[in-house]
There are 2 protein chains.
Amino acid sequence: MAVTLHDIAEKTGVDVSTVSRAMNNKSNVKEETKQRIWQVAQTLGYRPNRVARSLVTQKTNTLGLVMPSTKCLGHTLFSWMLEGISLEAEKLGYSLSFSVVDIGIQGEKTAITKLEEHRVDGLILGWFKEKYIEESTLVQLAQREIPFIVIGDRHLSSRDINMIACDNFLGAYKATNHLIDLGHEKIALISGRTDNPIVKNRLAGFNAALEQAGIHYSDQSIKRLMKEEDFSAAGAGERGMRSLLDSDEEFTAVFVLSDMCAAEAIRAIQQRGLNVPNDYAVVGFDGAEYGRLLNPSLTTVKQPYREIGQKAVRMLKQLIAGEVLPKNRVWIEPQLIIRESCGAQRTATATQ
Amino acid sequence: MAVTLHDIAEKTGVDVSTVSRAMNNKSNVKEETKQRIWQVAQTLGYRPNRVARSLVTQKTNTLGLVMPSTKCLGHTLFSWMLEGISLEAEKLGYSLSFSVVDIGIQGEKTAITKLEEHRVDGLILGWFKEKYIEESTLVQLAQREIPFIVIGDRHLSSRDINMIACDNFLGAYKATNHLIDLGHEKIALISGRTDNPIVKNRLAGFNAALEQAGIHYSDQSIKRLMKEEDFSAAGAGERGMRSLLDSDEEFTAVFVLSDMCAAEAIRAIQQRGLNVPNDYAVVGFDGAEYGRLLNPSLTTVKQPYREIGQKAVRMLKQLIAGEVLPKNRVWIEPQLIIRESCGAQRTATATQ
DNA sequence: TATATGTATGCAAACGTTTGAATATAATTG
DNA sequence: CAATTATATTCAAACGTTTGCATACATATA
């Protein structure tokens, strides 16, 4: 049986309340008594029971992290996010309770319910697409007493919901500008599904950059230059690229909205005996580690999910403390990683 | 304030104990009363307080997962493992408490201590190298009452410690045999640090395959054919490969002990204007997703960490139930993924 | 009808802490 | 030295459950 405050109290001949205060290093207990109590606690191998403590203090110092089970976990972004979250949680004294949710009939409700039952102090909801957790569910959650933060770009009309995400507009803008700076004027696009808010924002950034540079395509060109694919499905990049190569439309660069698709696109180009970046420049989106391992290595936009995770925890802490966040929509700026696939970098070390 | 059993008791005019029994669907409660209680619980939005429950039942239904913070999280293997663990934990009714540990002065002790304080029912210790958690610490932990499982190949002399890992010997054996089957007789090796048990086992598998095929190298050749590098450090594969290409020793294939290094090796070969697999066959180790995105796609050994995570949870459950495991060392068989980098597969789809 | 069996509910203690209020002891003050 | 204040400690209730035991009532048995 684990040793409790009572055991220490008995051994030292003092009341449990005194022992409790001593263990929490409260001021109103004599230094000598403290020492004696600590001594005994030490030798007995005392470990405070956080369960009991939580029951009376009404807080668990635990944050709940909920993720959809749809292969997100394998994604680079998730690892970064988890790292950011867990390190910052650790730093701020929180434990982390992790749940994956089988998307489907109300999976998310059971997961959130479970965490509610565990009385976590706050909740981080990662990357749920609109269709998996509808806004109405979030609004409902906001009415319960537990504070939460949504991670990932999505459309939200309610102001009661706090969200943090990558600035997809800015990322696409940077990538496109990079291509423009390198002299490209005809830029093809392998996109994601355009009903996805993430994709919408990236397209907007892409268009903004073109417009600013005074580049304009005919409606017909746009139709031929843009391939709408599911950018998280294997084979999408290959299909999109081949379709582009087969079209009559001329272009010198491709902006691909995910690194995985970009890598497939590069393969597809190379398989036709063509060269990247000489025949076509390719830029991706995500910033996955393996980008540097490709040949040519991939120029891409790095989504700042480590930072996002970290910041999410900080925001959540504020929320838990009852503070009101200055902004309830936060977008973090992504960085352009320049490597070889656009020709801007020719050096061939593998460490970058 | 959250609604409790008392609230329901008051509303239904019945004792809390009856309400408790009803909520847990115990048999000794009249059906009609149950219905009435459930009804009230429903409308009041009752959520059982697991903290309170845990205090009396003395179990939390929570598993603790402890990981070193040393960039493991970004590794493919970790994602798989986490997925396996979390899905299986979910299935078995456990919650998951996740902790990263800053390696350093007793980092691991504080993390484990924290989880102990949280009274997790069991512990999964992921991938700690010998130098981060020494066996003595594990033995000490085994003497406390909390059951745990160590994930990852490492040398352990104590029989009180339960371990599960990838069968590195078998993986290397499979990879080497694949090369031998393809007719290769001179196989170079880009290894990890040979003081690492993982590496030792892989080397043993490599040698076993060679020996079985009746292939034997002179001591001098061995020295020239094997490059010892830190296979998880960026640039190691490139350095190792260049060094091999610069040597006079002839060889037709390279076995690289990590996918990352293998990818770098391929780049290094290609940068000399040589071809993979025609000039050199390359086989990796890990089974990372991005292997299929390389050009040529990478033949590799897939470490079964999804399965390992899953199995670890199952074993832990048994341990918690007080059962004795049939084996306290479990090695899971890895699979060879045959793609293009050895020439065994020439088709060029990107989905495989 | 009295006794035994079973079923449904209530009572009260327990889990291991924290914490406000009460008390006892020591130190300070006029 | 008595009165006041500060310090150190104890008391007891509370947090929200679970669960063994006692009790009440209904039903079956002799």
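Per chain, numbering begins at 1; letters A, B, ... match sequence-line order. None of the values given here were measured: they were computed from a predicted structure.
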Is there a donor and acceptor pair closer than 3.5 Å between the side chain of A:R21 and the base of C:dT17? no
Any B:T18 side-chain N or O less than 4.0 Å from OP1/OP2 of C:dG10: yes
Can you tell me if A:E135 and A:S157 form a side-chain donor-acceptor pair at under 3.5 Å? yes
Among D:dT18, C:dG10, C:dG16, the nucleotide that comes nearest once only the side chain of B:V14 is considered: C:dG10
For the side chain of A:N49, counting heavy atoms from C-beta on, which of C:dT18, C:dT17, D:dG16 is nearest? C:dT17
With a non-hydrogen cut-off below 4.0 angstrom, is B:V51 in contact with a base, only sugar-phosphate, or nothing? nothing
Residue met sooner reading DNA chain C from 5', once B:A52 and B:S27 are mapped to nucleotides: B:S27
Tell me the interatomic distance from B:Q58, atom CD, to D:dT17, atom P, rounded to whole angstroms. 17 Å
B:K26 NZ to C:dT9 P, straight-line distance once rounded to whole Å: 15 Å
Would you say the base of D:dG16 and the side-chain of B:R47 have a donor-acceptor pair closer than 3.5 Å? no
Going by heavy atoms in the side chains, are B:M163 and B:N328 under 4.5 Å from each other? no
Given side chains that start at C-beta, do those of B:F148 and B:L138 come closer than 4.5 Å, heavy atoms only? yes
Rounded to whole Å, NE2 of B:H6 lies from C1' of D:dT17 at a distance of 8 Å
Upstream residue (5' side of DNA chain C) when B:K30 and A:S17 are each assigned their closest nucleotide: B:K30
If you check the A:R53 side chain, which of C:dG10, C:dT18, C:dC15 turns out closest? C:dT18
Nearest-0.5 Å distance that lies between atom CD1 in B:I37 and atom NZ in B:K30: 11.0 Å
Select one nucleotide: of C:dA8, C:dG10, D:dT19, the one nearest the side-chain heavy atoms of B:T57. D:dT19
Between C:dT18 (P) and A:I8 (CD1): distance, integer Å: 11 Å
Would you kindly give the CD-to-C1' distance between A:E117 and D:dT17, to the nearest whole Å? 13 Å
So, does the side chain of A:S54 form a donor-acceptor pair with the base of D:dC15 at under 3.5 Å? no
When rounded to whole Å, the CE to C1' distance for the pair A:M23 and C:dT17 reads 12 Å
Do A:H118 and B:S95 meet the criterion of a side-chain donor-acceptor pair at a distance under 3.5 Å? yes
Assign each of A:R36 and A:V16 to its nearest nucleotide of DNA chain D by heavy atoms, then name whichever residue's nucleotide is nearer the 5' end. A:R36
A:K59 NZ to D:dC15 P, in whole Å, measures 18 Å
Can you confirm whether B:N25 sits close enough to B:W38 that some side-chain heavy atom of one is under 4.5 Å from a side-chain heavy atom of the other? yes
Quick one: is C:dT9 close enough that its OP1 or OP2 comes under 4.0 Å of any side-chain N or O from B:N28? no
Atom pair distance, as rounded to whole Å: CG in A:D15 and C1' in D:dA8: 12 Å
Do the side chain of B:T4 and the base of D:dC15 come within less than 3.5 angstrom through a donor-acceptor pair of N or O atoms? no
